[in-house]
Chemist: 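I'd like to ask some things about the structure below.
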Amino acid sequence: MTRASQWGELIRPDRVHGSIYSDADIFEAELKQIWYKTWVYVGHESEIPERDDFVVKSIGPQPVIMTRDKDGQVHLLLNRCSHRGNQVCLADKGNQRTFTCPFHSWTFANDGHLIGYAFPDGYQGQDKSQLGLGRVARVASYRGFVFGSFAAEGPSLEEHLGGAAETIDRLLATSPTGEIEITAGFLKHRVKANWKFILENECDGYHPAFVHASIFSVADSGIGSLYGAKSTAVTRDYGNGHTEVDLRPEFRRIGKPLGWFGTNTERLSDYAGKMRTAYGEQRADEIMIDGTPHVMIFPNLFIAEIQMFVLQPLAVDDTVQHVTALQFKGAPDMNRRMRQQTMGSVGPAGLLLADDSEMYERSHRGVLMREPEWIYLGRGLHRERRDEDGYLVGHATDEVPSRGIWNHYRRVMEAL
């Protein structure tokens, strides 16, 4: 069921059909229309800081080599020899100017062009310029975040990000240097569930008080109340599938610098001092009260306060989440705490992501059942409103983000 006229039968204003998560044909259509046509987050420039650095990433199931050439330019190359299809890069990351295919020794520069092949007399007259590595058609970076699109034409990255770009700006403002670094290494969490369950859950403010009640109580955390019935926080739809749980109203009500992080400026005095030097005391305290964003940038980049998730769909029922602690350039005491809290919440023994993963897999098993056929997403529909910037917002527990995701999804898929 993938004809354009049929998407309206699957996606309605307050519900979606369960098959949209479980149908393998729909998943293949998503790869074509979303993952291989729109802008997808790939990696961060700090992961390849030096010339000739490379790191292996992905766009959906497709392995991609992100490289920095001798001139400092970033490229996104497909990890497939143009001769017989063998993988040319077997390491996860490194520093090298060339990639040599182990099958027949074809050698490619790290900008993708073919340098040469073994026993070249067999290729007399061949134009090597036509035999380079495949590449992602468009590559663009927003403040260090590198995105790729296999489509040669389409909206610019800035148009794709729209209002969500401000959340990246907000994240970088919490660094005393205005820069972040992705240097803590990635954990990989694999779940037997459709990627869209994860996409929706990242900005779902309805579940934390229940799914994460155990970790909140063990940690003696006040986070659960941020998502309670009396919360002043809001959910937001930025358009283009980008969504947010904006907790700033709660943090501002409390009014404590670094209260969002469960600490104070005395415990992180080096960080706080550098922030006040960089921004001035008043502005620095405003930033440290607001904290970092909780935003899902469609289709795969989730910035979750102190950590970052990257979604990778492998099959209709198989998804990997790549997660790392955010690191602020020039803030070692803050970075140490972010690494520790990331390991405690989403590390191998962490409870937070284990809770969520159980819900993803249960939901996927549930939609395979015959009835009820529909997933209901109508919470808060009666109290949606526009904020001062014109974006739809609702209560912290309302399903504004899910409805925004599905509105965008339908528009993209109807272009099939």
Side-chain angles (χ1 to χ4, degrees), residues 30-83 85-101 106-115 128-161 165 168 180-183 186 188 195 297-302 308-314 320 322 324:
E30 290 169 351
L31 292 181
K32 181 177 180 181
Q33 285 299 100
I34 296 174
W35 296 91
Y36 302 157
K37 186 173 287 186
T38 65
W39 288 102
V40 176
Y41 174 75
V42 179
H44 194 270
E45 290 183 14
S46 64
E47 296 179 80
I48 47 170
E50 305 296 332
R51 284 167 170 74
D52 300 324
D53 280 351
F54 73 89
V55 62
V56 174
K57 295 292 186 177
S58 64
I59 295 181
Q62 293 283 326
V64 173
I65 313 169
M66 185 168 75
T67 70
R68 189 181 293 276
D69 68 18
K70 61 182 177 59
D71 298 318
Q73 185 175 350
V74 175
H75 303 269
L76 298 179
L77 309 174
L78 299 189
N79 193 7
R80 169 181 167 168
C81 180
S82 51
H83 175 220
N86 209 286
Q87 289 183 307
V88 300
C89 180
L90 302 180
D92 290 335
K93 60 182 179 179
N95 180 280
Q96 57 192 61
R97 294 184 178 182
T98 62
F99 300 100
T100 299
C101 178
W106 283 36
T107 299
F108 303 86
N110 60 12
D111 64 0
H113 77 264
L114 176 63
I115 295 175
K128 288 189 292 189
S129 69
Q130 302 301 309
L131 292 172
L133 293 176
R135 60 180 62 244
V136 178
R138 289 187 295 161
V139 182
S141 177
Y142 184 80
R143 303 200 65 181
F145 289 81
V146 178
F147 294 76
S149 173
F150 281 112
E153 297 180 351
S156 68
L157 176 59
E158 288 73 18
E159 290 171 323
H160 168 71
L161 291 175
I168 296 177
I180 67 161
E181 297 177 316
I182 304 301
T183 55
F186 280 86
K188 298 179 183 180
W195 67 278
I297 295 177
F298 188 88
N300 70 324
L301 173 61
F302 176 37
M308 187 176 82
F309 295 76
V310 184
L311 276 58
Q312 182 188 15
L314 298 178
V320 176
H322 303 256
T324 187

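Predicted model only: the values in this text are computed from it and were never measured. Residue numbers start at 1 and run along the sequence shown.
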Chemist: Phe99: which residues meet the ring pair (Phe, Tyr, Trp, His ring centres under 6.0 Å) condition with it, sequence neighbours left out?
Modeler: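 Scan of Phe99 (ring pair (Phe, Tyr, Trp, His ring centres under 6.0 Å), adjacent residues dropped) gives Phe54.
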Chemist: Decide whether Glu30 and Trp195 meet the rule of one side-chain donor and one side-chain acceptor closer than 3.5 Å.
Modeler: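 There is such a pair between these side chains.
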Chemist: Sequence neighbours left out, what passes salt bridge (Lys or Arg N to Asp or Glu O under 4.0 Å) with Arg97? Give chain and number order.
Modeler: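 Testing Arg97 for salt bridge (Lys or Arg N to Asp or Glu O under 4.0 Å), a comparison that skips the adjacent residues, returns Asp52.
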Chemist: Kindly say whether Cys89 contributes a backbone atom to a donor-acceptor pair with the side chain of Asn79 at under 3.5 angstrom?
Modeler: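 Present.
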Chemist: Work out which heavy atom in Gly132 is nearest to a heavy atom in Ser82; give both atom names and the distance.
Modeler: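 Closest approach of Gly132 to Ser82: O-CB, 3.5 Å.
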Chemist: For Asp71, does the CG atom have more than 12 heavy-atom neighbours from other residues, nucleotides or ligands under 6.0 Å away?
Modeler: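 Counting neighbours around CG of Asp71, more than 12 heavy atoms of other residues, nucleotides or ligands fall under 6.0 Å, so yes.
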Chemist: Looking only at side chains, do Asp69 and His75 share a donor and an acceptor under 3.5 Å apart?
Modeler: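 On atom types as modelled, these side chains qualify, holding a pair under 3.5 Å.
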Chemist: Give the minimum heavy-atom separation between Asp53 and Glu50, together with the two atoms involved.
Modeler: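 Heavy atoms only, the tightest pair is OD2-N, 2.8 Å.
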Chemist: For a quick test of your reading: what N or O donor-acceptor pairs under 3.5 Å do the side chains of residues 139-150 make, sequence neighbours left out?
Modeler:
residue	atom	partner	partner atom	Å
Ser141	OG	Glu45	OE2	2.6
Ser141	OG	Gly144	N	3.4
Tyr142	OH	Asp169	OD1	2.7
Tyr142	OH	Asp169	OD2	3.1
Arg143	NH1	Asp169	OD1	3.2
Ser149	OG	Lys37	O	3.0
Ser149	OG	Ala151	N	3.2

Chemist: Check whether any side-chain heavy atom of Gln87 sits under 4.5 Å from a side-chain heavy atom of Arg80, and report yes or no.
Modeler: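 The answer is no, as the side chains (C-beta and beyond) never meet within the 4.5 Å cut-off.
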Chemist: Please give me the minimum heavy-atom distance between Pro63 and Pro61, naming the atom from each residue.
Modeler: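 For Pro63 and Pro61, the tightest heavy-atom pair comes out as CD-O, 3.3 Å.
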Chemist: If you define the side chain from C-beta out and look only at heavy atoms, does anything of Pro299 sit under 4.5 Å from Val40?
Modeler: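 Pro299 reaches Val40 side chain to side chain.
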Chemist: What's the shortest heavy-atom distance between Phe298 and His160, and which atoms?
Modeler: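 Shortest heavy-atom contact: O-NE2, 3.2 Å.
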Chemist: Looking at Arg138 and Glu153, does any basic side-chain N land under 4.0 Å from a carboxylate oxygen?
Modeler: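 Result for this pair is no, no salt bridge flagged.
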Chemist: Tell me if a side-chain donor or acceptor on Thr98 pairs with a main-chain N or O of Ala109 at a distance below 3.5 Å.
Modeler: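 Answer holds: no.
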Chemist: What's the spacing between His322 NE2 and Met308 CE if we round to 0.5 Å?
Modeler: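 If I round to the nearest 0.5 Å, the distance is 11.0 Å.
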Chemist: Contact between His44 and Glu181 at the side-chain level, heavy atoms closer than 4.5 Å - yes or no?
Modeler: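 Answer no - side chains too far apart.
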Chemist: Under 3.5 Å, is there a donor-acceptor pair between the side chain of Lys70 and the main chain of Arg51?
Modeler: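 No, Lys70 side chain to Arg51 backbone: no donor-acceptor pair under 3.5 Å.
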Chemist: Could you check whether atom CZ of Arg135 has more than 12 heavy atoms from other residues, nucleotides or ligands sitting under 6.0 Å from it?
Modeler: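 For Arg135, atom CZ is crowded (more than 12 foreign heavy atoms under 6.0 Å).
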Chemist: Output, in order, the C-alpha distance, side-chain angles, deciding distance and verdict of side chain to side chain contact (heavy atoms under 4.5 Å, CB included) for Gln312 and Val310.
Modeler: CA-CA 7 Å; Gln312 182 188 15; Val310 184; over 6 Å; no
Chemist: Is a side-chain N or O of Asp111 found less than 3.5 angstrom from the main chain of His113, in a donor-acceptor match?
Modeler: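 Yes; at least one donor-acceptor contact below 3.5 Å.
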Chemist: Is the shortest side-chain heavy-atom distance between Phe309 and Asn300 below 4.5 Å?
Modeler: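 SC-SC contact between Phe309 and Asn300 ruled out.
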Chemist: Any side-chain heavy atom of Ile297 within less than 4.5 Å of one from Ile168?
Modeler: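 Ile297 vs Ile168: side chains touch.
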Chemist: For the residue pair Val88 and Leu133, establish whether any side-chain heavy-atom pair is separated by less than 4.5 Å.
Modeler: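 Yes, their side chains come closer than 4.5 Å.
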Chemist: Evaluate side chain to side chain contact (heavy atoms under 4.5 Å, CB included) for Phe108 paired with Leu77, printing each intermediate quantity in order.
Modeler: CA-CA 11 Å; Phe108 303 86; Leu77 309 174; over 6 Å; no
Chemist: Side-chain contact, heavy-atom cut-off 4.5 Å: Trp39 with Leu161?
Modeler: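 Not touching, per the 4.5 Å side-chain cut-off.
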Chemist: Are a donor atom and an acceptor atom from the side chains of Thr107 and Thr100 found within less than 3.5 Å of each other?
Modeler: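 The criterion, which ignores hydrogens and geometry beyond distance, is satisfied for Thr100 and Thr107.
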Chemist: Testing Val55, Asn95, Thr67 one by one against Ile48 for a side-chain contact (heavy atoms from CB on, under 4.5 Å), which residue passes?
Modeler: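 Filter result, single survivor: Val55.
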Chemist: As an exercise, state the distance from CH2 of Trp35 to CD of Gln62, rounded to the nearest 0.5 Å.
Modeler: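 Rounded to the nearest 0.5 Å, the CH2-CD separation comes out at 12.5 Å.
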Chemist: Do Met66 and Val64 come within less than 4.5 Å of each other through their side chains, counting heavy atoms only?
Modeler: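 Sidechains of Val64 and Met66: no contact.
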Chemist: Please answer whether the main-chain N or O of Ser156 pairs with a side-chain N or O of Glu159 as donor and acceptor at a distance below 3.5 Å.
Modeler: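 Pair found, side chain donor or acceptor close to backbone of Ser156.
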